[in-house]
Visitor: 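Once you've had a glance at the structure underneath, I'll fire off some questions.
Values reported hereafter were calculated over all heavy atoms of this structure, with side chains retained and with hydrogens, waters and symmetry mates removed.
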Amino acid sequence: MASRASRRPAIAWRAIVLASLLAVLSGARPLSPPPFHVPVPFAAPLEAQGRSVEAWRTPVDPESGLFLIGDVAVVEQKRRLLGLDARTGATRWVSSLENPGFILADDRFILSEKRVETQEEAYSLLTVLDARSGVSLWTAVSGFPADGPWRPYFSLIGMTAGHAIVTLPTLRSVRAFDLADGDVAWETALPGECEALPVLEKSDDDDSDVHEAADDQIAVMLMRCGGRTRLLGLDSGDGGLRWDRPVTDRDVTDLSLQDGVTALQTPHSLTLLSAGGTVLYDYAAADICEDHCRVEVLGDAVVVARGGGSDTEIVVEMTDRRTGRHVWTRTFDGSSGYGLQTAGDRLYMEYRLPPPLEHLVLDLLDPATGRTVRTTTDPVTADAGGAAVVDRYGSLFYALSRSDEKPVLTAFRLLPGPGDPGWAARDGVPASAWPDACALLPAGPGIRAGRPAPAGLSLPGSVTCELRPASGPGPVVKVSILWVYPSVGEAEEATARKGRGEPSGWIASVADEALFLDDTLTDAALIRAGPILVTVEALGDPALTRRSVTAVAENLRTGPWGGGR
């Protein structure tokens with residue numbers, strides 16, 4: 001009895017402590033994640049863009065890429081790497097490395113993987129250069145794929161801030177070379193029964209059919225393990241296995257990695273994984289990635305552009321990469337390819353303006369909300385055929401022409417506009433130079449119905465206007481403004497691409513240029529008045545078309561817009 005009595009105070013004390021702990025725990029709340037962070041788009045210097053002017057240009061080899069390393073622009077010219085002054089285009093250095101092959105770069109090093117073809121087989125040649133001087137630091141030569149472990153063949157997975165990471169299929173391992181001196185930093189054996197998938201040749205302008213990638217956080221690779229496809233994630237710092245997850249046996253055409261976020265693509269699906277192997281996004285539908293989905297990471301935001309419900313519809317979605325929570329969705333129609341792209345910390349979506357306007361613009365998006373901060377246009381080379389944000393250095397943007405015959409790298413300097421919100425989207429043309437379509441219609445009775453321009457252009461008037469009969473059926477006259485160009489020369493080039501035939505008869509002398517647009521050469525016409533391009537239609541009534549074209553041309557000539565003679 002005495003022993004039981006002596007234990008009662010201890011039992012009671014434990015009960016009090018346990019009750020207190022339960023009370024504390026019952027009121028506890030899980031720690032909230034750190035605040036969501038994305039770059040703020042309002043600080044972007046491009047917001048003040050007015051008109052871009054060419055700063056310098058230089059020819060580059062077909063399929064050449066562009067790497068900006070501080071104030072050095074690295075390109076390929078005559079099968080050698082050149083370091084150019086990003087501000088002036090002057091040559092800083094020329095590498096002794098010939099035919100550099102597949103290139104990766106960061107602020108300190110340039111990594112070249114060159115595949116050497118022989119009559120028997122192919123092997124890899126890995127070379128690392130100093131990014132500031134172009135001097136070669138070291139070279140590693142792999143054996144042939146059939147050489148065996150005595151001289152192992154290797155293939156580049158990717159580059160981190162300190163390592164070049166390769167696979168060695170015959171040794172069934174992954175190895176990291178120190179970028180500074182080429183020493184082996186670490187080597188990791190693959191899990192049992194795992195073998196690397198066949199490695200296809202990498203190309204600067206086509207990153208499809210890639211099965212492995214690496215960045216400063218993780219190295220990922222698709223493997224065949226026991227007859228099944230698996231995705232392995234290794235710590236890129238020490239080679240430790242972070243995760244190993246099965247992949248549905250679909251035709252994975254592309255694996256990419258950006259800031260720790262892995263993207264697996266097939267023509268009909270897109271899956272995103274965090275650096276820890278957690279699924280952030282998984283979407284499947286017919287042909288959504290047929291023309292290649294785009295994935296961009298800005299801070300905690302992972303932004304995806306994929307195909308939508310029609311051939312021209314592009315769906316843009318944002319996911320919080322910390323939690324996988326879907327945040328916003330926007331749909332764009334008339335996109336030029338998958339126009340999602342970044343420059344610096346800015347997120348853009350390229351798309352085509354709705355008819356009658358014929359122009360590519362870029363919406364500067366707020367990655368946190370998806371809303372448009374500013375509609376703008378960016379540098380366009382004469383043969384690029386569209387807007388192209390490549391990269392930036394200070395107030396300079398760079399565009400690589402899309403021609404494979406005589407590709408050119410062009411640097412454009414951005415000149416600030418006068419504060420007009422639509423200045424950049426109109427290529428630096430002020431709103432006062434744009435006519436109101438309704439003001440161009442011929443005089444006479446009827447109902448005038450205009451359609452305004454997209455908000456991003458900040459135009460006070462309409463871009464399309466119809467003159468309809470006041471009552472009953474009858475012919476309709478429609479005037480549409482295609483574009484107002486910065487110069488007459490650019491308007492002339494645009495006009496030359498649109499006519500159905502050489503102008504003849506009455507239409508040849510109406511304005512600076514006038515062309516029929518319809519196959520019958522009667523009902524629809526294009527007028528160029530100085531830098532202004534306008535279409536006039538009166539379908540089914542050639543006589544009304546002639547009167548309307550003449551009247552619109554006269555209104556352009558005498559109006560306050562300064563269009564034509």
Visitor: Please list, chain by chain and in numerical order, all residues satisfying side-chain hydrogen bond (donor to acceptor under 3.5 Å, both in side chains) with Thr278, sequence neighbours excluded.
Guide: none

Visitor: What pairs meet the side chain to side chain donor-acceptor pair (under 3.5 Å) rule with one or both residues in residues 295-304, with sequence neighbours excluded?
Guide: Arg294-Glu296, Glu296-Thr342

Visitor: Cut-off 3.5 Å, no hydrogens considered: what does the side-chain donor-acceptor table look like for residues 444-457, sequence neighbours left out?
Guide:
from, atom 1, to, atom 2, distance (Å)
Arg448, NH1, Gly444, O, 3.4
Arg448, NH2, Pro442, O, 2.8
Arg451, NH2, Pro355, O, 2.2

Visitor: Which pairs count as side chain to side chain donor-acceptor pair (under 3.5 Å) when at least one residue sits in residues 544-556, sequence neighbours excluded?
Guide: Glu554-Arg557

Visitor: Could you check if a side-chain atom of Tyr283 sits within less than 4.5 angstrom of a side-chain atom of Leu272, using non-hydrogen atoms only?
Guide: no

Visitor: Could you work out, with side-chain contact (heavy atoms from CB on, under 4.5 Å) as the rule, every residue matching Val327, not counting sequence neighbours?
Guide: Met318, Asp320, Arg325

Visitor: How long is the straight-line distance from CG of Leu255 back to CD of Gln265, given to the nearest 0.5 Å?
Guide: 9.5 Å

Visitor: With sequence neighbours left out, what residues match Gln217 under side-chain hydrogen bond (donor to acceptor under 3.5 Å, both in side chains)?
Guide: Asp259

Visitor: Say whether, by atom type as modelled, one donor and one acceptor occur between the side chain of Asp287 and the main chain of Glu290 under 3.5 angstrom.
Guide: no

Visitor: Taking only residues two or more places apart in sequence or in another chain, which ones pass side-chain hydrogen bond (donor to acceptor under 3.5 Å, both in side chains) with His326?
Guide: Thr329

Visitor: Val534 versus Ser480: any side-chain heavy-atom pair under 4.5 Å?
Guide: no

Visitor: Please, which pairs that meet disulfide (SG to SG under 2.5 Å) have at least one residue in residues 428-474, sequence neighbours excluded?
Guide: Cys438-Cys465

Visitor: My understanding is that only residues two or more places apart in sequence, or in another chain, count here; which of them pass salt bridge (charged side-chain N to carboxylate O under 4.0 Å, His left out) with Asp436?
Guide: none

Visitor: Could I get the full list of side-chain hydrogen bond (donor to acceptor under 3.5 Å, both in side chains) partners for Asp216, not counting sequence neighbours?
Guide: none

Visitor: Strictly by side chain to side chain donor-acceptor pair (under 3.5 Å), give each pair with a member in residues 466-478 just once, sequence neighbours left out.
Guide: Glu466-Arg468

Visitor: Between Ser458 and Arg426, does any side-chain donor sit less than 3.5 Å from a side-chain acceptor?
Guide: no

Visitor: Verify whether one side chain among Tyr485 and Glu493 offers a donor that lies under 3.5 Å from an acceptor in the other.
Guide: no

Visitor: Restricting to pairs with a member in residues 424-465, which pass ring pair (Phe, Tyr, Trp, His ring centres under 6.0 Å), not counting sequence neighbours?
Guide: Trp434-Trp483

Visitor: Under a 4.5 Å cut-off applied to non-hydrogen side-chain atoms, are Trp56 and Leu409 in contact?
Guide: yes

